[in-house]
Protein chains: 4
Amino acid sequence: MRVELMRAYRDEFKRFYPITTRWSDNDVYGHVNNVVYYSYFDTVANQYLIEEGGLDIEKSVEIAFVVNSSCDYFSPVAYPTALEGGLSVEHLGNSSVRYRIGIFEAGASEASAAGTFTHVFVTRATQKSCPIPGSIRAALVKLTEAS
Amino acid sequence: MRVELMRAYRDEFKRFYPITTRWSDNDVYGHVNNVVYYSYFDTVANQYLIEEGGLDIEKSVEIAFVVNSSCDYFSPVAYPTALEGGLSVEHLGNSSVRYRIGIFEAGASEASAAGTFTHVFVTRATQKSCPIPGSIRAALVKLTEAS
Amino acid sequence: MRVELMRAYRDEFKRFYPITTRWSDNDVYGHVNNVVYYSYFDTVANQYLIEEGGLDIEKSVEIAFVVNSSCDYFSPVAYPTALEGGLSVEHLGNSSVRYRIGIFEAGASEASAAGTFTHVFVTRATQKSCPIPGSIRAALVKLTEAS
Amino acid sequence: MRVELMRAYRDEFKRFYPITTRWSDNDVYGHVNNVVYYSYFDTVANQYLIEEGGLDIEKSVEIAFVVNSSCDYFSPVAYPTALEGGLSVEHLGNSSVRYRIGIFEAGASEASAAGTFTHVFVTRATQKSCPIPGSIRAALVKLTEAS
């Protein structure tokens, strides 16, 4: 088995957020644990939805659930290094969106890890899928390659 | 975009471990957060390596790093529900192994979520890849389909 | 400065819950990180409120907020060791309750760590303090020393 | 039972670090979970030890273990709000140090939560307590009230 990983670079991402690492991010082998990157993913994408798309975690009628996610790990990072999360949209559907996210040491051109995750929008009350709300769609379009 | 997820069933997994959920596993939407499933993955696979393969987290010359991971989420679970993690080996290479892991409500036949992750074995001192140690390989073989 | 810690023993606790440890519980020094014990505390106390007091995290009119917490750490534990959390009530007020919680290796008579935390009950809608609901109070009384 | 909490203010702290919140910090009640504040504590104190005292998590002969901790919660905060952690030293002993830490919304004068924790320095190899190393002591003195 060859494990082939596709590297990720800064110019593939449209929006960046700073991430401060935490003591507890490092696992027993001394690096940020593989699990923690997914908490960065959630943080970056939802911050965009909240700040640019008007998502209100507590009150919005429509919310977004994660239906799949993946990550490739290229090079280790460790607390207390400052990081950045880069965000773009790979695919924008009617009720779902697939993000691509890269985790970089602050200022680095090549990502330490990169992955994807898919949000499906649902009506909070019924938890049934629904179209992406207009304000959020408008924000997500700005993260697509074409934009 | 259609999001197609391949369901996972109990008989696909060779070994099961109980998982107690935690208050903090539930996110603001009331279900176990997508990130937390990956901490279950790590827990289940390493428990097998430790108990069956003789891995010593503190002292073993060879240790295992995660190079990629993925998860599909089929149905939500929530604290305080008791869970189980099922483990099997999808591919066993010279220096790496790809696990398949399913997360089940205790006793359920269909998984709530399932995913994969790949461990590459490295020499702790150099962090360069190395063959899977014999005792661990012997344990992993028991989790392959053929066994 | 002498750091004096009061040891805790099994017979001080009224109710026990199993806790499965996780890979990510261990920090870079190879033991369960001090932070993680507080997630055990939350888990044990709320499990009792849910199972014995009828708390519904999603729907109950009254919910409980933590206003203070503390922990003394006696001896390290590490994943994959199985643990137990012991729960008792130190003080039961009109709108608040102070728990005492001990974290034990499964079956041990002396706790590895022990602490307290205080829940203040509030009306979910207003987030103002309110009397402890009757069904929960009845459950908490059973955890007091006198019972 | 009256729950009396001593508020904490910005001028009580000597050093501040930015903290970016995460999606997973919010619990099911919509605020940063009480447990997470302790991960901020660890992060702030160790960052100071590393950057100002020369602690090397991987290699230092002496390391620091937490023997007790406590926190009072004054007002809720929530992701994605940016926070700051303020650090001071309450007591500096021969082999141990008790920190006081306040967690603030970025720029706020009054803390949202504040607590203490005590590090005991130990020789990594033996895990027996030892004097605080000179470079770390010199850094900690700067965080005491007298300085």
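Within every chain, numbering begins at 1; the chains are lettered A, B, ... in the order of the sequence lines, protein sequences first and strands thereafter.
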Original post:
Quick one: what part of B/Q47 sits under 4.5 Å from any heavy atom of chain C, side chain, backbone, both or neither?
Top reply: both

Original post:
Considering only heavy atoms, which portion of B/Y40 lies under 4.5 Å from any heavy atom of chain C: side chain, backbone, both, or neither?
Top reply: side chain

From [X] atom [atom1] to [Y] atom [atom2], the distance as rounded to the nearest 0.5 Å:
X     : Y     : atom1 : atom2 : answer
B/E84 : C/T20 : CD    : OG1   : 11.5 Å
B/W23 : C/L49 : CH2   : CG    : 9.0 Å
B/N46 : C/N26 : CG    : CG    : 10.0 Å

Subject >> B/R22: which of C/D42, C/V36, C/V44 passes side chain to side chain contact (heavy atoms under 4.5 Å, CB included) >> reply: C/V36

Subject >> C/T21 to B/T43 - nearest heavy-atom pair and separation >> reply: O-CG2, 3.5 Å

**OP:** Walk me through it: do B/S39 and C/S24 pass the test side chain to side chain donor-acceptor pair (under 3.5 Å)?
**Re:** CA-CA 7 Å; B/S39 81; C/S24 58; 4.5 Å; no

